[in-house]
Amino acid sequence: MRITTKLTEKTQEAISELYDISEFDISFEQTNPKFEGDLTLVVFPFLKYSKKRPEDTAEEIGNFLTKQVHEIKSFNIVKGFLNIQFSDEYWLNELKDHVNLGIQIPKIGDNNKIVVEYSSPNTNKPLHLGHIRNNVLGYSICQIFDAVGFDVVKNNLVNDRGIHICKSMVAYQKWGNNETPESSGLKGDHLIGKYYVKFDKNYQKEIQELIAKGIDKEEAKEKSSLMIETRNMLQKWEQGDTNTVALWKQMNGWVYEGFDHTYKRLGVSFDKIYYESDTYLLGKEIVQEGLKSEVFFKKEDGSIWIDLTPEGLDEKIVQRSDGTSVYITQDIGTADLKYNEFKMDKFVYVVGNEQDYHFKVLQLILKRLGKSYADGLYHLSYGMVDLPEGKMKSREGTVVDADELMDEVVATAKKQTEELGKTDGMSSQELSDLYEVLGIGAIKYYLLKVDAKKRMMYDPKESIDFQGNTAPFIQYTYTRIASLLRATEQVNFEVPAILNPIEKELVKLISNYPNVILSAANNYNPSEVANAVYEIAKSFNKFYHELSILGEQDHNTRCFRISLSNSVGHTIKHGFNLLGIQVPNRM
RNA sequence: GGUUCCAUAGCUCAACCGGAUAGAGCAACGGUUUUCUAAACCGUAGGUUCCAGGUUCGAGUCCUGGUGGGAUCACCA
């Protein structure tokens, strides 16, 4: 809203002329709906200088602004609040701009490059609800950055090697009987997950047996024959043993087939995929450089550390005494790899908040190493997803499987749609597409409407309820509009005499929508977009219920309402696109 | 134990860098359809914003202390 800038400037003039204040932080806010007005200026901060009552101060500023800004129709004062009201003409011009120019988003990104790493799965088990939150958040924030003019690289770093992968491999070798996705009918990632679970069960059993023999727990973990086999497997893998690598490739291949299916259904994608098997050795040279420049230091046993106590953290190891690297070493190396490849201005990690400490450390190390890009690092730290029974624990089998969840909620969409019986004449293909759009949309919206930073509760019952603040509610609003527009032609409108309050509210919401996108980008927070779209949908339903659109007799008013509906539809679709959610034309 | 994040209606969440009488959805209760899709709309009820202090013209929001909960602090990833 350009008007805000204009008002801010004029207010600056007003207070400098009236009270001789030169520099002052002036901010207008949206008028609380309980009061009359569009924008509000709080005048309390000026009282020191005006030395007048709040009401009189507001009066003076209000008069000044009304004279200078012709868009202002009137103002009212409640205590220290100056509520400014614009003319209907002003709002109608806002809508006209929207109709003629589309959604005007300030391109604050200025084509700067931003690499967003998200998803980053392990290839030893299928995706679960927590991963869905990650994927959906990552994808959405990419869409939002793209919308505000960044050059976005969607990046996935696949964790495809390591001890946990070897566990599935050992179990498969022992008990797999050459089972394949085809022979078992299992999706590849689920097949591998089955052997990961099998490993853990037998491993736990073995430990119990050893403990029963009087060996203590720590030692039992060391002596477990399964674990010894697994460690040998990892060693063989690192040495490039042909059979081991072949098995690894085969099993990972199955997992990727499974993941591809899940990603596709979720509607997420990547521009650049790194595999940890290619990157896990990176960072070692940087450790050596850092040692030379005395950013790192070596202990007697040969292990290499960095002292972060000046920053209030601990000493952190960056290389083991046996010369192998640890997790953070890889991350240092991968950050460098990314920078060399993309020369990005910002790089974002969409990773759960249990790794807050890790990313704090990573950024500090990069800074200490003098890496120019270190300041561009941002950890988009999101909260865990809890279930009504408590935390999700893969070991206790309380995780919500991504594929099962999608099946369930799509089935619910089907059932609901059939019960309502409004889809006569749609082909079976159209119908199954619709159920996907509704079901997957419902899951995504459920996860995205909550502030990303916050831990959230996933209630299965609530997630398949399509009433209220849900994707299907908003999608339904969209189909109402689509249906209206099918029944009429493109129209132009002139200014109707009086703007109805609900009409004005809708125009305001649409006009403010670009600000919402900016704010969502600045705060790395898609939920702001979700909530704004919800507000718009809610208001539209009220409008739709209260006022006649196609049936309106006055030609100009009818055309205006059609245009308004059209703009609402565009905005909903645009917002949902930023969330990675589709909209149907009928439901 | 050190560090860190969180606590808002019965439940799940909002509240735009400190602004007005803290808002939605679900659940409960009551109403709305011969009229553009009722997956909708309207109304009623529901609050000491965990507690105690402090800063301020003004605090759910900032500071201090407490209570309760999560995460993290490995030569794990």
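By convention in this document, chain letters (A, B, ...) are assigned in the order of the sequence lines, proteins followed by strands, and residues within each chain are numbered from 1.
Pair assignment for B:G1: B:C73, on the basis of Watson-Crick or G-U wobble contacts that are both within less than 3.5 Å. Taking a pair to require two hydrogen-bonding distances under 3.5 Å in either a Watson-Crick or a G-U wobble arrangement, B:C41 pairs with B:G31. Searching all strands for a Watson-Crick or G-U wobble partner of B:C57 with both distances below 3.5 Å returns B:G19. Base pairing of B:A7: its partner is B:U67, meeting the Watson-Crick or G-U wobble criterion (both donor-acceptor distances under 3.5 Å). The base-pairing partner of B:C36, taking Watson-Crick or G-U wobble contacts with both distances under 3.5 Å, does not exist among the strands shown. Applying the Watson-Crick and G-U wobble criteria (two distances, each under 3.5 Å), B:G47 pairs with nothing in any strand.
Nucleic acid contact for A:Ser381: none, since no nucleic acid atom lies under 4.0 Å from a heavy atom of the residue. Heavy atoms of A:Lys453 sit nowhere under 4.0 angstrom from any nucleic acid atom. At a threshold of 4.0 angstrom between heavy atoms, the contacts of A:Met456 are confined to the sugar-phosphate backbone, with no base atom among them. No contact: A:Ser519 has no heavy atom under 4.0 Å from any strand. A:Pro45 comes within 4.0 angstrom of a base, heavy atoms only. Using a 4.0 Å heavy-atom distance criterion, A:Glu276 is classed as a sugar-phosphate-only contact. Residue A:Asn159 is in sugar-phosphate contact alone, with no base atom involved, counting any heavy-atom pair closer than 4.0 Å across all strands shown.
One finds no side-chain N or O of A:Lys34 lying less than 4.0 angstrom from the OP1 or OP2 phosphate oxygen of B:A22. Of the side-chain N and O atoms in A:Arg320, none sit less than 4.0 angstrom from OP1 or OP2 of B:A74. Taking side-chain N and O atoms only, A:Gln467 has a distance below 4.0 Å to OP1 or OP2 of B:A40. In this structure, A:Lys454 does not reach the B:U8 phosphate: none of its side-chain N or O atoms is under 4.0 Å from OP1 or OP2. Proximity of A:Ser483 to the phosphate of B:U37: a side-chain N or O atom is located under 4.0 Å from OP1 or OP2.
Side-chain N/O atoms of A:Ser527 and base N/O atoms of B:A14 include no donor-acceptor pair closer than 3.5 Å. For A:Asp331 and B:A77, a side-chain-to-base donor-acceptor distance below 3.5 Å is absent, hydrogens and geometry of angles not being considered.
Nearest-nucleotide assignment on RNA chain B puts the 5′-proximal partner with A:Asn83, out of A:Arg161 and A:Asn83. Closest-nucleotide positions on RNA chain B for A:Asn541 and A:Asn531 were compared, and the one nearer the 5' end corresponds to A:Asn531.
The closest side-chain heavy-atom distance from A:Ser565 to A:Phe543 is below 4.5 Å.
The side chain of A:Val450 lies closest to B:A14, out of B:A14, B:C36, B:A20. Of the candidates B:U21, B:C36, B:A40, B:C36 carries the atom nearest the A:Ile549 side chain, counting heavy atoms from C-beta on. Listed candidates were B:G70, B:G25, B:A40. Nearest to the side chain of A:Arg455 is B:G70.
For the P atom pair drawn from B:G2 and B:A9, the interatomic distance equals 30 Å after rounding to whole Å. The separation of B:C26 from B:C6, taken at their C1' atoms, amounts to 23 Å, rounded to a whole angstrom. B:C63 and B:A24: their C1' atoms are spaced 31 Å apart (whole Å). Taking the P atom of each, B:G30 and B:A22 are spaced 28 Å apart, rounded to whole Å. Spacing between B:U56 and B:G18 at atom C1', rounded to whole Å, works out to 9 Å. Across B:A15 and B:A7, the matching C1' atoms stand 16 Å from one another, rounded to whole Å. Spacing of C1' atoms, B:G46 relative to B:C36, comes out at 36 Å, to the nearest Å. The P atoms of B:G66 and B:U21 are separated by 33 Å, rounded to the nearest whole Å.
A distance cut-off of 5.5 Å between ring centres, combined with a plane angle under 30°, leaves A:Tyr534 outside any stacking arrangement with the base of B:A24. You can call A:Phe44 stacked on the base of B:G19; the centres are under 5.5 Å apart and the planes sit within 30°. In this pair, A:Phe81 lays its aromatic ring flat on the base of B:A20, centres within 5.5 Å and planes under 30 degrees apart.
Ring planes of A:Phe44 and A:Phe81: perpendicular class, angle over 60° (limits at 30 and 60°). Aromatic ring pairs are classed by plane angle as parallel below 30°, tilted from 30° to 60° and perpendicular above 60°; the pair A:Tyr349 and A:Phe359 is tilted. Using cut-offs of 30° and 60° for the angle between ring planes, the A:Phe576 and A:Tyr445 rings count as tilted.
Salt bridge present: A:Glu60 and A:Lys52 bring a charged side-chain N and a carboxylate O closer than 4.0 Å. A:Asp38 has a carboxylate O that lies under 4.0 Å from a charged side-chain N of A:Lys508, or vice versa, which qualifies the two as a salt bridge.
Partner of A:Glu36 under the side chain to side chain contact (heavy atoms under 4.5 Å, CB included) criterion, out of A:Val78, A:Asn76, A:Asn83: A:Asn76 alone.
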